[in-house]
Each structure stands twice: as structure tokens, then as C-alpha cells.
Amino acid sequence: MSEQPNIGVIGMGVMGSNLALNIASKEYYVAIYNRSKSRTDKIIANNCNKNILPSYSIEDFVLSLVKPRIIFIMITSGIYVDNVIKELSAYISPGDVLIDGGNSFYKDTMRRSLALLKKGIDFMGLGISGGESGALYGPSLMPGGEFHAYKKVQKVLTNIAACIDNEPCVTYLGPNGAGHYVKMVHNGIEYGEMQIISEIYFLLKNVFHVTYDNLGEIFHHWNQGELNSYLLEITSRIFLKKDMDNCNIVDYVLDIADSKGTGSWMVQDACNLQVASNIIAESVFSRYVSMLKEQRLTASNILSGPEKQKISPELRLLYIEKARKALYLGKIILYAQAFHQLAIASNKYNWNLNFKKIAKIFRAGCIIRSKFLQRIIDIYSQNPDINNLMLAPYCTTIINNYQNMLREIVIFGIKNGIAMPALSAVISYYDSYRSKVLPANLIQAQRDCFGAHTYARSDRPGVFHTCWLK
Ligand SMILES: NC(=O)C1=CN([C@@H]2O[C@H](COP(=O)(O)OP(=O)(O)OC[C@H]3O[C@@H](n4cnc5c(N)ncnc54)[C@H](OP(=O)(O)O)[C@@H]3O)[C@@H](O)[C@H]2O)C=CC1
Ligand SMILES: O=C(CO)[C@H](O)[C@H](O)COP(=O)(O)O
């Protein structure tokens with residue numbers, strides 16, 4: 001080990017502290033710095049035998065590191081990252097590498113890369129997934145930046161990343177904002193999966209009267225098959241978690257979902273790219289509706305819904321299996337949308353994203369790790385240029401077998417007054433995507449009628465305008 005730290009980490013919150021410990025555990029000497037001293041002191045007090053050197057000013061922190069310096073910035077995203085970069089700029093030197101490992105907006109990363117490149121500083125936007133245990137034991141890493149900068153940090157990233165089948169869950173993704181874009185899409189998928197799982201849970205609980213204990217068992221059972229995923233696994237365990245009075249804690253968790261921005265960025269970006277990521281949009285909007293708790297309480301006493309159906313035990317069993325299939329189908333179409341958005345963004349920004357490699361680094365360490373990712377890898381191995389994952393033979397077979405179950409589940413939810421925004425979005429997107437003809441002809445005619453926007457015809461080439469009201 002060198003006498004001076006060779007890696008630095010700024011930000012000793014959940015992610016930064018665990019990442020620093022992970023790096024230190026791989027025989028690096030790590031310098032740490034946190035805005036508030038107390039967090040730094042806590043890390044040092046709890047890890048006195050580790051290769052960690054605390055600093056209490058940015059200047060001391062930077063000057064403690066051997067050149068070329070590798071500095072991870074692990075702080076709250078937004079303007080704070082600009083402020084920290086500004087503070088660092090007074091002490092760092094050309095050739096040093098700054099790595100922003102937070103959930104930064106990819107356009108901020110593009111801007112920061114360009115500005116720092118002019119000063120000879122390499123900047124990488126690094127998506128990190130895995131939460132606190134991932135950061136500590138091995139996350140999935142999504143690096144974007146100049147390739148020569150990646151080469152400087154490749155070893156440490158490879159050493160700290162999760163590993164599966166002897167392959168580290170890190171790969172160079174592309175220049176500037178590519179890494180943070182992929183992380184944003186990862187989070188969009190995370191939102192979508194959490195939402196469709198929640199819709200299924202809510203239907204089973206409120207219409208089929210499945211208890212939390214049974215939900216835990218059912219989800220655990222589902223997790224043994226094609227639906228296997230980290231999110232399903234933690235969900236089954238959440239259902240079963242009891243407090244001291246033997247009550248299921250989840251029952252007492254307030255139904256207001258928070259969000260920190262990545263989901264809404266993905267949806268805003270989908271609109272900018274004109275990509276129909278409606279499942280993720282509904283997942284984001286559902287969190288916003290959940291925030292209207294007071295209004296919902298008032299409305300629940302004023303606005304009526306349907307009577308809930310009475311369910312026989314046989315029907316209950318039948319529908320639980322249909323729900324499993326609806327969930328898997330929802331997941332497949334969610335991924336189809338997310339990877340489509342990635343493809344369009346990759347073209348727009350010339351990132352040349354490799355979708356097979358992206359699916360590979362999602363397989364371990366990260367929040368969306370699941371069995372289905374191997375299917376995606378197989379699909380892109382066979383056809384790297386596939387337009388939409390739904391068109392791959394594996395997905396087509398599942399879709400054709402399961403689509404009626406999804407319909408039944410969504411109809412069942414609607415009939416019983418249970419909102420299913422994301423799963424409804426899945427079936428609507430699916431039906432639109434497979435339609436030879438859509439009602440867009442009428443929209444074009446309306447646009448031409450009120451705004452003389454013109455239209456194309458299906459029977460002959462040209463641009464047309466009609467005086468519709470004369
Ligand atoms: N938690 C998670 O599961 C994941 C989080 N991320 C991302 O990683 C980043 C860090 O998240 P996390 O560790 O959870 O956050 P925490 O809230 O646990 O910690 C935030 C850290 O940022 C520092 N900070 C905040 N504002 C400033 C500022 N103005 N100047 C300097 N430092 C500041 C805090 O310092 P202080 O102690 O002084 O307040 C603290 O060290 C975020 O971008 C987050 O989105 C990415 C993947 C997963
Ligand atoms: O990046 C993450 C996981 O991958 C973070 O946990 C992020 O905070 C999750 O997003 P949100 O807080 O909006 O639910």
C-alpha cells in the first residue's frame with residue numbers, strides 16, 4: 001500500500017461512506033472528506049483499523065492524495081456538485097480524475113465534462129446502483145466519460161464492483177453523460193417495477209383478501225421462477241416483517257411515496273426524445289397522486305366507486321396465477337420501453353451504447369438485478385440491432401401467452417375500483433404498438449381543421465390541406 005492515499009471520497013453519507021469502506025477493503029489507502037465533521041469522525045471511530053485518512057478541509061483532502069488523483073464525489077446531486085467541483089478546482093491538477101458517483105442529471109454531467117476538459121481535468125459521471133449494501137459489498141457501476149479517463153480508473157472500479165460469473169458489473173458505457181443516462185433509465189425501470197409490483201399486491205390484498213403473511217409466501221414462491229428479482233425478494237420479506245406486537249409493519253407505512261428526481265427526468269427526457277415511455281410516466285405520476293393524501297381522504301367520502309366483487313376460493317387461486325403472469329408481462333414491456341429510450345438517446349448523443357453490456361452489468365449488485373436480464377443479454381447477442389425487445393422470439397412467446405391474463409387483471413382491477421395505472425399503461429402501449437392502424441388519422445384531421453397543419457394521405461404521396469368546415 002502507498003504511504004499517501006491514492007483514492008479520495010467526498011461525502012460520507014449513505015453511499016459515500018460505504019463506497020469508501022469498500023475501496024479501503026480492496027487494499028487502497030482512502031482519503032475521506034465530508035462537509036460536516038461529525039460524519040467523518042463517526043466513520044473513523046467505527047473503522048479505526050482501516051486504511052482511511054480523514055481530512056477536515058478540501059485543501060488538506062486534495063493535497064493528501066498522490067497524483068494523478070482519483071476523487072469520488074458522493075454528495076446530493078444538483079448545484080451542490082457544482083459547488084464542490086468549484087472548491088476542488090483550486091487544488092486539483094491537470095491529469096486528475098473527478099468521478100461524480102451521485103444521481104446527477106446527465107445534461108449537468110455533459111456540461112461539467114466539457115468545462116473540466118478545458119482545464120485538463122478528467123470528469124466521469126458514474127451511475128452507481130445497489131444502495132448501501134451494494135456500495136459496501138459491490139455495486140453495479142455505470143461509468144461515462146472520456147475513454148482515457150476510464151482507463152485511469154478502470155482498475156479501482158473493477159475491484160469494487162459486484163461480480164457475477166467472474167465478470168465485474170462495470171463496463172465503459174460512452175462519453176460525457178452516457179453513464180448517468182443509463183443510471184437514470186435504470187431508475188426509471190426501478191420505478192416501473194416497484195409500481196407494477198405494488199399494483200398487483202394491492203389488488204390481491206384488497207379484492208382477493210390475501211393477508212400480508214400470504215402475500216409474503218406468494219411473492220417468495222413467485223421469486224423462485226421466471227419473475228426472480230431482487231425487488232421481488234425484498235418485497236416478500238417486507239410483507240413478512242413484524243413489529244413487537246406481531247403486526248406487519250408495512251401495514252403502518254404511510255401511503256405517500258417520495259421521489260428524488262431520476263424518474264421524472266426519465267419521463268421528461270422521453271418527451272424530449274418523443275419516446276412513449278408511458279409505463280414509467282404512470283409510475284412517476286402514481287407517486288405524485290399518492291402525495292395528495294388529504295385530498296384523497298376527502299374524495300374517498302364523496303366520490304363513489306363500484307362494489308367489490310365476492311370471490312370464491314377457486315377464482316382466487318386462478319387469479320393469483322394470472323396476476324403472476326400479468327406481472328411478468330408488465331416487466332417485459334417495461335424493459336422494452338426503457339431500452340427503446342436508451343437506443344434513441346444513444347443515437348441522439350452518439351454514445352454508441354452497447355445494450356448487451358448494459359444488461360450484463362445490471363445482473364448483480366444493483367436494485368433491478370433479475371433473472372430476466374439474462375434473457376435480454378441472449379436477445380442482444382442474437383440480434384444487437386433489434387428495434388424493440390417485444391419483437392424477440394422469447395418475449396413474443398411470453399407476450400402471446402400472457403397478454404389475455406394481463407387484460408383480465410387490469411379489467412378486474414378497474415371493475416373493482418382499484419387503480420392500475422402502470423399495468424393499464426402496459427396493455428395500452430402493447431395494443432397501440434401492435435396496431436396496424438391507430439386513431440391518429442382523426443388527430444391529424446383535427447389538427448389540419450383548426451390549425452391548417454396539413455396531413456399526409458395513406459393512398460397517395462404529398463402534403464394535403466382540407467377546408468374541413470366549408
Ligand atoms: N441512497 C441510495 O440508495 C443511492 C443514492 N445515490 C446517489 O448518491 C448520492 C449520495 O446519496 P446518499 O449517500 O444516499 O445521500 P445522503 O443524504 O446519505 O448524504 C448526502 C451527502 O451529501 C453531502 N452534501 C449535501 N449537500 C452538500 C453540499 N452542499 N456540499 C457538500 N456536501 C454536501 C452530505 O454532507 P453533510 O453530512 O455535510 O450533510 C452527505 O455527505 C446522491 O446523488 C444520491 O442520489 C445513488 C445510488 C443509490
Ligand atoms: O438511485 C437509487 C437506487 O437505484 C436511489 O435509491 C434513489 O434515491 C431512488 O430514487 P427515488 O428516491 O426517487 O425513489
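Order of listing sets the numbers, starting from 1, for every ligand and every atom in it.
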> Protein heavy-atom contact under 4.0 Å for atom 6 (O) of ligand 2?
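Within 4.0 Å of atom 6 (O) of ligand 2, no protein heavy atoms are found.
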> Closer than 4.0 Å to some heavy atom of K260 - which atoms of ligand 2 meet that?
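Here the atoms of ligand 2 in question are 8 (O), 11 (P), 12 (O), 13 (O).
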> Using the rule given for salt bridge (Lys or Arg N to Asp or Glu O under 4.0 Å), can you reason through R375 versus E226, listing the C-alpha separation, both sets of side-chain angles and the distance that settles it, and then say yes or no?
CA-CA 10 Å; R375 298 291 185 183; E226 61 195 0; over 6 Å; no
> Extract all N/O-N/O pairs under 3.5 Å that connect ligand 1 to the protein, and present each with both atom names and the distance rounded to 0.1 Å.
{"unit_1": "ligand 1", "atom_1": "13 (O)", "unit_2": "V14", "atom_2": "N", "d": "3.2"}
{"unit_1": "ligand 1", "atom_1": "13 (O)", "unit_2": "M15", "atom_2": "N", "d": "2.8"}
{"unit_1": "ligand 1", "atom_1": "18 (O)", "unit_2": "V14", "atom_2": "N", "d": "2.9"}
{"unit_1": "ligand 1", "atom_1": "22 (O)", "unit_2": "T76", "atom_2": "N", "d": "3.3"}
{"unit_1": "ligand 1", "atom_1": "29 (N)", "unit_2": "R35", "atom_2": "NH1", "d": "3.3"}
{"unit_1": "ligand 1", "atom_1": "37 (O)", "unit_2": "N34", "atom_2": "ND2", "d": "2.9"}
{"unit_1": "ligand 1", "atom_1": "37 (O)", "unit_2": "S36", "atom_2": "OG", "d": "3.2"}
{"unit_1": "ligand 1", "atom_1": "37 (O)", "unit_2": "R39", "atom_2": "NE", "d": "2.6"}
{"unit_1": "ligand 1", "atom_1": "38 (O)", "unit_2": "R35", "atom_2": "NE", "d": "2.9"}
{"unit_1": "ligand 1", "atom_1": "38 (O)", "unit_2": "S36", "atom_2": "N", "d": "3.1"}
{"unit_1": "ligand 1", "atom_1": "38 (O)", "unit_2": "S36", "atom_2": "OG", "d": "2.3"}
{"unit_1": "ligand 1", "atom_1": "39 (O)", "unit_2": "R35", "atom_2": "NH2", "d": "2.8"}
{"unit_1": "ligand 1", "atom_1": "41 (O)", "unit_2": "M12", "atom_2": "N", "d": "3.2"}
{"unit_1": "ligand 1", "atom_1": "41 (O)", "unit_2": "G13", "atom_2": "N", "d": "3.2"}
{"unit_1": "ligand 1", "atom_1": "41 (O)", "unit_2": "N34", "atom_2": "OD1", "d": "2.7"}
{"unit_1": "ligand 1", "atom_1": "43 (O)", "unit_2": "I75", "atom_2": "O", "d": "3.2"}
{"unit_1": "ligand 1", "atom_1": "43 (O)", "unit_2": "N103", "atom_2": "N", "d": "2.9"}
{"unit_1": "ligand 1", "atom_1": "45 (O)", "unit_2": "N103", "atom_2": "ND2", "d": "3.1"}

> Examine S259 against ligand 2 and note whether any of their N/O atoms are separated by less than 3.5 Å.
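No, since none of the N or O atoms of S259 sits under 3.5 Å from an N or O of ligand 2.
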> Which residue and atom name correspond to the protein heavy atom nearest atom 9 (C) of ligand 2, and how close is it?
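Atom 9 (C) of ligand 2 sits closest to the protein heavy atom E190 OE2, 3.5 Å.
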> Starting from atom 1 (O) of ligand 2, what is the nearest protein heavy atom, named by residue and atom, and what distance separates them?
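Closest protein heavy atom to atom 1 (O) of ligand 2: K183 NZ, 2.6 Å.
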> Could I get the full list of side chain to side chain contact (heavy atoms under 4.5 Å, CB included) partners for H220, not counting sequence neighbours?
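So H220 forms a side chain to side chain contact (heavy atoms under 4.5 Å, CB included) with Q224, S236.
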> Can R287 be said to touch ligand 2, with heavy atoms closer than 4.0 Å?
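It does; at least one heavy atom falls under 4.0 Å.
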> To which protein heavy atom is atom 13 (O) of ligand 2 closest, and what is the distance rounded to 0.1 Å?
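Ranking protein heavy atoms by distance from atom 13 (O) of ligand 2, first comes Y191 OH, 2.5 Å.
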> Testing P143, C163, P139 one by one against V170 for a side chain to side chain contact (heavy atoms under 4.5 Å, CB included), which residue passes?
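Passing option: P143.
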> Do N51 and E27 have side-chain N/O donor and acceptor atoms under 3.5 Å apart?
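No, E27 and N51 have no side-chain donor paired with an acceptor closer than 3.5 Å.
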> Going by atom types only, do N354 and K357 share a side-chain donor-acceptor pair under 3.5 Å?
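No.
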> Name each donor-acceptor pair under 3.5 Å that joins a side chain in residues 116-130 to protein atoms two or more places apart or in another chain, with its distance.
{"unit_1": "D122", "atom_1": "OD1", "unit_2": "H148", "atom_2": "NE2", "d": "2.7"}
{"unit_1": "D122", "atom_1": "OD2", "unit_2": "H148", "atom_2": "NE2", "d": "3.4"}
{"unit_1": "D122", "atom_1": "OD2", "unit_2": "K152", "atom_2": "NZ", "d": "2.9"}
{"unit_1": "S129", "atom_1": "OG", "unit_2": "H186", "atom_2": "NE2", "d": "2.8"}
{"unit_1": "S129", "atom_1": "OG", "unit_2": "I367", "atom_2": "N", "d": "3.0"}

> Could you tell me whether a side-chain N or O of Q337 sits under 3.5 Å from a main-chain N or O of I279, the two making a donor and an acceptor?
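Side chain of Q337 to backbone of I279, a donor-acceptor pair under 3.5 Å: yes, one is there.
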> Would you call the rings of F208 and F412 parallel, tilted or perpendicular if under 30° counts as parallel and over 60° as perpendicular?
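Parallel.
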> Under 3.5 Å, which donor-acceptor pairs do the side chains of residues 284-293 form with other protein atoms, sequence neighbours left out?
{"unit_1": "S286", "atom_1": "OG", "unit_2": "Q195", "atom_2": "NE2", "d": "3.4"}
{"unit_1": "S286", "atom_1": "OG", "unit_2": "E282", "atom_2": "O", "d": "2.6"}
{"unit_1": "R287", "atom_1": "NH1", "unit_2": "D258", "atom_2": "O", "d": "2.8"}
{"unit_1": "S290", "atom_1": "OG", "unit_2": "A257", "atom_2": "N", "d": "2.8"}
{"unit_1": "S290", "atom_1": "OG", "unit_2": "R287", "atom_2": "O", "d": "2.6"}
{"unit_1": "K293", "atom_1": "NZ", "unit_2": "D255", "atom_2": "OD1", "d": "2.6"}
{"unit_1": "K293", "atom_1": "NZ", "unit_2": "D255", "atom_2": "OD2", "d": "3.1"}

